[in-house]
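Please read the structure below before turning to the comments.
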Amino acid sequence: MNTAYLLTVRETCDALRIGRTNVYRLISEGQLKVVKIGSATRITTASIRALVGADAGEAAND
């Protein structure tokens with residue numbers, strides 16, 4: 001099983017279908033958790049799933 005636990009900013013943009021600025025905004029708001037490896041920023045897939053799950057829950061309650 002080849003499961004990625006960390007994604008690049010570009011991969012996160014592609015996965016969420018949003019721009020780089022929005023990804024960095026979500027990071028600064030604490031909605032996406034990051035891991036710094038040297039100067040590289042990686043986003044945890046768990047935080048992406050949590051964000052999408054949270055958004056889906058809000059939409060279902062409206």
Side-chain angles (χ1 to χ4, degrees):
M1 184 162 125
N2 187 10
T3 303
Y5 295 102
L6 300 173
L7 298 178
T8 65
V9 171
R10 173 54 46 206
E11 291 168 335
T12 303
C13 291
D14 293 343
L16 296 175
R17 301 214 189 288
I18 61 176
R20 201 171 79 113
T21 302
N22 282 325
V23 169
Y24 281 110
R25 180 181 55 80
L26 291 169
I27 291 169
S28 70
E29 291 174 354
Q31 295 184 50
L32 288 175
K33 305 297 181 209
V34 298
V35 174
K36 294 292 278 188
I37 302 172
S39 62
T41 300
R42 299 292 182 259
I43 295 94
T44 65
T45 54
S47 70
I48 294 170
R49 286 188 188 105
L51 174 70
V52 172
D55 287 345
E58 289 174 12
N61 292 330
D62 287 342

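FYI, the numbering just counts along the sequence from 1. Values below: every heavy atom of this structure, side chains too, minus hydrogens, waters and symmetry copies.
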Test side chain to side chain contact (heavy atoms under 4.5 Å, CB included) applied to S47 - qualifying residues, sequence neighbours left out: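 Once residues adjacent in sequence are excluded, the partners of S47 under the side chain to side chain contact (heavy atoms under 4.5 Å, CB included) criterion are L32, K33, I43, T44.
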Common cluster, I48/V9, ILVMFWY with side-chain heavy-atom separation under 4.5 Å: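 Yes; tracing contacts between hydrophobic side chains, which count when under 4.5 Å, links both residues.
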Under 3.5 Å donor-acceptor pairs involving side-chain atoms of residues 34-41, not counting sequence neighbours:
from, atom 1, to, atom 2, distance (Å)
K36, NZ, T41, OG1, 2.9

Residue pair L51 / Q31: nearest heavy atoms and the distance that separates them: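 It is CD1-OE1, 3.2 Å.
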Which pairs of donor and acceptor atoms, one on a side chain in residues 13-28, lie under 3.5 Å apart (sequence neighbours left out)?
from, atom 1, to, atom 2, distance (Å)
R25, NH1, E29, OE1, 3.2
R25, NH1, E29, OE2, 3.2
S28, OG, R25, O, 2.9

Spacing of CZ belonging to R42 relative to OG1 belonging to T8, to within rounding of 0.5 Å: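 So the CZ of R42 and the OG1 of T8 are separated by 6.0 Å.
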